[in-house]
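Notes to accompany the following structure.
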Amino acid sequence: MSAIPERHAGEHIVVSGAGTGIGRAIALRLGAEGAQLSLCARDAERLRSTAAATRRAISGAGPGGEPSGSWPVTSSVLARLSAMRSDSM
């Protein structure tokens with residue numbers, strides 16, 4: 001199944017586990033289909049690689065390997081979205 005350009009245009013999607021495997025594949029596909037992405041992964045270098053490959057990542061966080069690691073990602077994404085919303089008004 002091939003990507004459908006602009007299928008997810010205007011959508012902002014958070015992808016966890018984006019450094020490798022299924023998470024990376026999902027990020028690449030969603031990016032190819034026009035989504036803006038916030039990515040997170042445990043390995044910061046792999047995360048940067050995925051972000052560069054998608055060219056659609058507007059934020060990223062890593063490493064998040066600790067149980068409390070998701071909160072910094074969540075707060076970072078919310079802060080960016082809030083700033084984007086303020087800029088567009």
Side-chain angles (χ1 to χ4, degrees):
M1 184 182 226
S2 61
I4 301 169
E6 305 308 311
R7 179 181 193 175
H8 293 287
E11 295 180 18
H12 181 211
I13 301 172
V14 177
V15 180
S16 63
T20 61
I22 293 171
R24 179 179 168 87
I26 289 169
L28 294 174
R29 176 66 176 262
L30 290 171
E33 293 187 349
Q36 290 295 313
L37 304 169
S38 288
L39 308 176
C40 57
R42 290 181 292 188
D43 185 305
E45 188 166 324
R46 289 180 177 174
L47 177 66
R48 282 191 292 275
S49 172
T50 300
T54 66
R55 296 176 297 189
R56 309 234 8 134
I58 60 171
S59 65
E66 303 160 13
S68 62
S70 63
W71 178 244
V73 173
T74 304
S75 60
S76 172
V77 169
L78 291 174
R80 293 242 181 165
L81 289 174
S82 178
M84 289 170 56
R85 186 172 300 153
S86 294
D87 290 344
S88 67
M89 294 181 147

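Just so we're clear, the structure is a prediction, and the values are computed from it rather than from any experiment. Computation of the quantities below employed the complete heavy-atom set of this structure, encompassing side-chain atoms and omitting hydrogens, waters and symmetry-equivalent molecules.
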### Task
Can you see which heavy atom on Gly31 is nearest to which on Arg56, and at what distance?
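Here Gly31 and Arg56 meet closest at O-CD, 3.0 Å.
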### Task
Work out which heavy atom in Gly19 is nearest to a heavy atom in Ala41; give both atom names and the distance.
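Heavy atoms only, the tightest pair is N-CB, 3.5 Å.
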Tell me every residue that passes side-chain contact (heavy atoms from CB on, under 4.5 Å) with [X], counting only those two or more places apart in sequence or in another chain.
| X | result |
| --- | --- |
| Arg24 | Leu28, Ser49, Thr50, Ala53 |
| Ala35 | His8, Ile13, Leu30, Leu37 |
| Glu6 | Ala9 |

### Task
Would you give the length of the straight line joining atom CZ of Arg46 to atom CG of Leu39, rounded to the nearest 0.5 angstrom?
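Answer for the CZ-CG pair, Arg46 versus Leu39, is 15.0 Å.
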